[in-house]
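In what follows, a structure is listed as structure tokens, so that the remarks can point back to it.
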Amino acid sequence: MTLKIYNSLTRKKEDFSPIGNGKDVLMYVCGPTVYALSHIGHARSAVAFDVIYRYLSHKGYKVKYARNYTDVDDKIINRASEEGVDAKELAERYIRAFDADMDALGVAVPDVRPKATETIGKIIELTQSLIAKKYAYQSNGDVFYSVRLKKDYGKLSGKNIDELEAGARVDVNEDKLDPLDFALWKAAKPGEPAWDSPWGPGRPGWHVECSAMCLSHLGDAIDIHGGGRDLIFPHHENEIAQSEAATGKTPFAKYWLHNGFVNVAKEKMSKSVGNVLNIRDVLQAHDKEAVRLFLLGSHYRSPLDYTKDSIKEAEAALERFYKTIQRIEEEWTADIIVPALQRGNAVIDAMDDDFNTAGVIGAVFKEINRANKLMDEATDSGYKRQPATVLPSPPRGEGRVRGKLETIRALCKEASSFLGVFGSTPEEFFKRRKTQTDVSPEEIERLIEERNTARRGKDFKKADSIRTELLEKGVALEDTPKGTTWGVKRRFP
RNA sequence: GGCGGCGUACCCAAGUGGUUAAGGGAGCAGUCUGCAAAACUGCCAUUCAGCGGUUCAAAUCCGCUCGCCGCCUCCA
């Protein structure tokens with residue numbers, strides 16, 4: 001099956017074929033404007049394109065992936081002046097914070113991570129070329145792009161210039177020939193970061209920096225350009241206009257991909273509502289794998305609603321997953337050789353259908369159910385696995401069970417390679433979770449001992465009260481044949 | 001007003017023309033347990049917002065109605 005991708009430009013699912021006809025893929029994704037801590041919405045975009053990047057690589061494409069930092073912009077300048085710090089310093093601080101958040105989420109590092117401020121030369125060059133081709137004009141130190149000159153302006157967003165004009169809410173700027181024209185270069189105001197240019201000291205406008213970074217790091221025409229849904233207009237529309245006008249090559253990007261938004265309790269996340277959820281706050285409270293599972297649990301183009309329970313649900317699901325893997329390892333083998341899967345499995349089919357990660361997750365859990373059922377049946381029928389040293393050539397029935405379990409694990413492993421979920425060992429997963437509690441492990445161990453003494457003395461009342469007490473602090477005890485174990489509370493009220 | 005999207009069980013969410021409508025969470029029952037918890041197993045949508053139409057066949061295509069949302073201004 002071939003990979004199908006929904007293209008915002010054509011509003012259709014299309015078979016994916018790179019522009020170079022080979023295996024090389026050029027992919028550019030709009031990264032953050034670094035003026036504040038990144039929120040769960042940034043995480044969704046980053047994780048979605050991380051999975052797309054990894055999956056393309058998994059399919060054998062040689063992907064060159066660029067994700068930028070917009071590190072010069074009005075918001076950065078305003079924020080810096082509020083805090084009384086240098087704009088560059090502020091931007092650097094939030095670049096570091098973003099990188100740390102991405103690392104914590106297990107997002108692969110893109111091949112290129114350009115910064116707008118390191119691409120000023122290309123921005124000036126691009127702007128000059130647009131002026132030379134009459135697509136742009138200067139006015140009092142500013143340079144504007146003339147939106148009306150390119151006939152196909154609006155092709156990505158489906159907008160029509162005259163209708164935009166009618167309902168225009170854009171600032172009227174006397175220096176502009178047309179209110180819809182946008183700034184390629186802004187003359188510096190006192191105290192603002194500025195670079196020398198043929199039009200005097202200034203800084204790049206929004207939109208142009210992405211074109212410049214893309215053009216200089218990937219090329220005149222790329223395969224995939226991604227970003228959040230909100231960037232379709234005006235950002236990506238303008239990027240297309242200026243890039244295609246400058247290079248004369250159409251299309252600038254063959255496939256345009258846009259991820260949906262994260263809402264918080266059905267409401268759009270915004271500073272004014274005060275419901276912005278920072279990545280690091282979320283990661284403080286939840287396992288990173290659960291956060292990814294939550295983000296990938298619905299299709300990347302759909303809106304995704306965050307509620308206080310949604311990540312806990314993902315956590316509960318992950319526990320079941322790792323408990324099963326642990327069971328396979330403990331009961332059935334330590335020496336499973338994971339065979340290469342042939343193409344055409346449910347995981348690949350789902351991913352090939354516009355990166356349907358929710359479908360992949362469904363397929364994985366279906367296999368998890370199968371694995372448990374197999375192990376139950378095998379145990380009931382007497383094929384319970386013994387250590388390999390005891391049973392060098394297992395009976396036929398057991399061999400069949402092992403074979404099936406191997407296939408199931410291979411499928412999970414394959415999914416984990418591009419999902420970035422399901423890839424831990426059970427030990428790693430449960431160990432990570434144990435660090436997420438307020439009571440010290442020593443204290444917990446002491447209380448477990450106290451409780452077990454009470455239990456031996458049949459003082460169940462005391463035993464139960466210790467258990468309840470710990471549970472209220474988020475620590476759940478489990479009495480197993482091997483002794484009492486503990487973990488952080490899984491279920492939620 | 002223009003453009004686009006969505007409505008699948010208690011909640012989340014796949015499926016977009018053809019066997020019994022994935023999967024997760026919650027719930028209930030069973031096994032296990034001192035009792036629990038966890039785990040596992042089983043059960044949980046004759047039906048896909050509503051109404052018409054196309055078709056041998058529709059949750060899936062078309063039309064209408066109702067409801068919700070995004071973009072059009074900075075935003076992932």
Side-chain angles (χ1 to χ4, degrees), chain A residues 8 11 13 29-33 35-36 38-49 73-75 78 154 157-160 162-164 166-171 206 226-235 237 258-263 266-271 276 293-294 297-299 301-305 307 309-310 312-321 323-324 326-327 346 350 353 356-369 372-373 375-377 379 455 458-461 463-464 467-468 471 476-481 484-487 489-493:
Chain A
S8 303
R11 294 180 195 93
K13 263 188 213 173
V29 174
C30 287
T33 298
Y35 70 105
S38 302
H39 52 67
I40 189 80
H42 294 104
R44 184 183 198 193
S45 182
V47 168
F49 288 105
D73 151 281
D74 290 351
K75 291 191 294 292
N78 293 341
S157 55
K159 297 198 185 304
N160 159 316
D162 297 315
E163 281 162 1
L164 279 172
R169 280 194 273 167
V170 283
D171 289 339
W206 192 37
R229 211 172 187 63
D230 55 320
L231 295 180
I232 291 174
F233 189 89
H235 186 59
E237 196 68 74
H258 295 97
N259 65 275
F261 266 45
V262 178
N263 296 320
K266 306 269 184 207
E267 220 174 351
K268 183 172 169 174
M269 223 180 355
S270 77
K271 294 212 167 56
V276 176
L293 186 63
F294 160 68
S298 57
H299 189 92
R301 284 190 282 116
S302 309
L304 174 60
D305 195 45
T307 65
D309 288 340
S310 46
K312 288 183 181 177
E313 288 178 9
E315 258 166 5
L318 272 178
E319 288 212 6
R320 217 163 72 73
F321 175 84
K323 285 265 183 186
T324 302
Q326 195 167 45
R327 182 178 176 202
D353 185 12
N356 185 354
T357 52
V360 173
I361 292 164
V364 165
F365 277 99
K366 201 171 180 175
E367 294 304 311
I368 286 298
N369 286 341
N372 277 311
K373 207 168 276 189
M375 288 188 284
D376 279 1
E377 284 166 7
T379 305
R455 286 176 73 211
K458 303 277 183 210
D459 184 357
F460 295 123
K461 198 172 172 186
D464 289 352
R467 185 171 62 196
T468 308
L471 191 62
L477 300 187
E478 295 176 27
D479 299 322
T480 75
T484 302
T485 64
W486 65 274
K489 192 173 164 190
R490 280 116 201 199
R491 302 295 177 198
F492 42 95

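The figures that follow rest on heavy atoms only: side chains count, while hydrogens, waters and symmetry mates do not. The structure displayed is predicted, hence computed values, not measured ones. Chain naming here is simple, since letters A, B, ... match the order of the sequence lines and numbering starts at 1 in each.
- For A:Phe365, the listed nucleotide lying nearest its side chain is B:G23; candidates were B:G25, B:G23, B:U41.
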* To do: Report the C-alpha separation of A:Lys312 and A:Asp309 in whole Å, then their side-chain angles, then the decisive distance to 0.1 Å, and conclude whether the side chain to side chain contact (heavy atoms under 4.5 Å, CB included) test is met.
  => CA-CA 5 Å; A:Lys312 288 183 181 177; A:Asp309 288 340; 4.2 Å; yes

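- The residue A:His235 sits apart from the nucleic acid: no heavy atom pair falls under 4.0 Å.
- Note on A:Thr307: nothing from the nucleic acid sits closer than 4.0 angstrom, heavy atoms only.
- Stretches of at least 3 consecutive Watson-Crick or G-U wobble pairs, with each checked distance under 3.5 Å, appear in RNA chain B as B:1-7 with B:66-72, B:10-12 with B:23-25, B:27-31 with B:39-43, B:49-53 with B:61-65.
- Across the P atoms, B:G50 and B:A9 are found 10 Å apart, a figure rounded to whole Å.
- Taking the side chain of A:Ala317 as heavy atoms from C-beta on, and the options B:G24, B:G4, B:G42, the nearest nucleotide is B:G24.
- Atom P of nucleotide B:C6 and atom CG of A:Leu304 are separated by 16 Å, given to the nearest angstrom.
- Of all non-hydrogen atoms in A:Arg301 and A:Arg229, the two that sit nearest each other are O-NH1, 3.9 Å.
- Between A:Asn356 and B:G15 there is a side-chain polar atom (N or O) within less than 4.0 angstrom of OP1 or OP2.
- B:A49 and B:C68 have their C1' atoms separated by 11 Å, given to the nearest Å.
- Following rounding to the nearest Å, A:Lys268 (NZ) and B:C68 (C1') show an atom-to-atom distance of 16 Å.
- Comparing A:Ser310 and A:Asn263, the nucleotide of RNA chain B nearest to each residue sits closer to the 5' end for A:Ser310.
- Put simply, A:Ser38 has no side-chain N or O that comes within less than 4.0 Å of OP1 or OP2 on B:A76.
- Out of B:G4, B:A14, B:G24, the shortest distance to the side chain of A:Ser302 is found at B:A14.
- To the nearest 0.5 Å, atoms OG1 (A:Thr484) and CG (A:Leu477) are separated by 7.0 Å.
- The same atom, C1', is picked in B:G5 and in B:U16; the two are 15 Å apart, to the nearest Å.
- Counting any heavy atom pair closer than 4.0 Å across all strands shown, A:Phe261 reaches a base atom.
- Across all strands shown, A:Leu293 has no heavy atoms under 4.0 Å from either base or sugar-phosphate atoms.
- Atom CZ in A:Arg320 sits about 10 Å away from atom P in B:G23, given to the nearest Å.
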* To do: I would like to know whether A:His39 and A:Val262 meet side chain to side chain contact (heavy atoms under 4.5 Å, CB included); could you show each step before the answer?
  => CA-CA 10 Å; A:His39 52 67; A:Val262 178; over 6 Å; no

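- For the pair A:Gly31 and A:Gly359, nearest-nucleotide mapping onto RNA chain B gives the more 5' position to A:Gly359.
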* Asked: Where do A:Lys373 and A:Asp376 land on the salt bridge (Lys or Arg N to Asp or Glu O under 4.0 Å) test, with the steps shown first?
  -> CA-CA 5 Å; A:Lys373 207 168 276 189; A:Asp376 279 1; over 6 Å; no

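- Distance check, rounded to the nearest 0.5 Å: CE of A:Met375 to CZ of A:Arg327 gives 4.5 Å.
- The CG-P distance, from A:Leu318 to B:G23, rounds to 18 Å in whole Å.
- In this structure, A:Asp305 atom CG and B:C6 atom P are separated by 17 Å, rounded to whole Å.
- Between A:Lys13 atom NZ and B:G15 atom P there is a gap of 6 Å when expressed in whole angstrom units.
- Distance noted for atom P between B:A13 and B:A29: 28 Å (whole Å).
- Annotation: B:G15 and B:G7 have their P atoms spaced 10 Å apart (nearest Å).
- Summarising the geometry, the separation between CD on A:Glu319 and P on B:G24 is reported as 15 Å, rounded to the nearest angstrom.
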* What is the per-nucleotide protein-contact pattern of nucleotides 28-36 of chain B, from the 5' end, where B denotes a base atom under 4.0 Å from a protein heavy atom, S denotes such proximity for sugar-phosphate atoms only, and - denotes neither? -> ------BBB

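- Residues satisfying the ring-ring contact (aromatic ring centres under 6.0 Å, His included) criterion with A:Phe321, sequence neighbours excluded, are A:Phe422.
- Considering only the side chain of A:Asn369, B:G24 comes nearest among B:G24, B:A14, B:C12.
- Across B:C62 and B:G4, the matching P atoms stand 14 Å from one another, rounded to whole Å.
- Distances were taken from every side-chain heavy atom of A:Ser45 (C-beta onward) to each of B:A76, B:C12, B:A39; the shortest belongs to B:A76.
- Here the separation of B:U20 from B:A45, taken at their P atoms, is 16 Å to the nearest Å.
- Across A:Asp305 and A:Lys266, no two heavy atoms sit closer than the pair OD1-N, 2.6 Å.
- The two residues A:Arg455 and A:Phe460 have their closest heavy-atom pair at O-CE2, 4.1 Å.
- Separating the C1' atom of B:C32 from that of B:G42 is a span of 15 Å, rounded to the nearest Å.
- Contacts of A:Ser298 with the nucleic acid, taken as non-hydrogen atoms under 4.0 Å apart, involve only primed sugar atoms and P, OP1 or OP2.
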* Checking side chain to side chain contact (heavy atoms under 4.5 Å, CB included) for the pair A:Glu313/A:Leu293: CA distance, chi angles, key distance, verdict? -> CA-CA 10 Å; A:Glu313 288 178 9; A:Leu293 186 63; over 6 Å; no

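- In terms of heavy atoms, A:Gly297 sits closest to A:Ala358 at O-CB, 3.2 Å.
- Atom CG of A:Asp73 sits about 5.0 Å away from atom OG1 of A:Thr33, to the nearest 0.5 Å.
- At a threshold of 4.0 angstrom between heavy atoms, the contacts of A:Gly362 include nucleobase atoms, whether or not backbone atoms are also involved.
- Atom NZ in A:Lys159 sits roughly 10 Å away from atom C1' in B:G70 (whole-Å rounding).
- A:Val262 comes within 4.0 angstrom of a nucleotide base, judged by non-hydrogen atoms across all strands.
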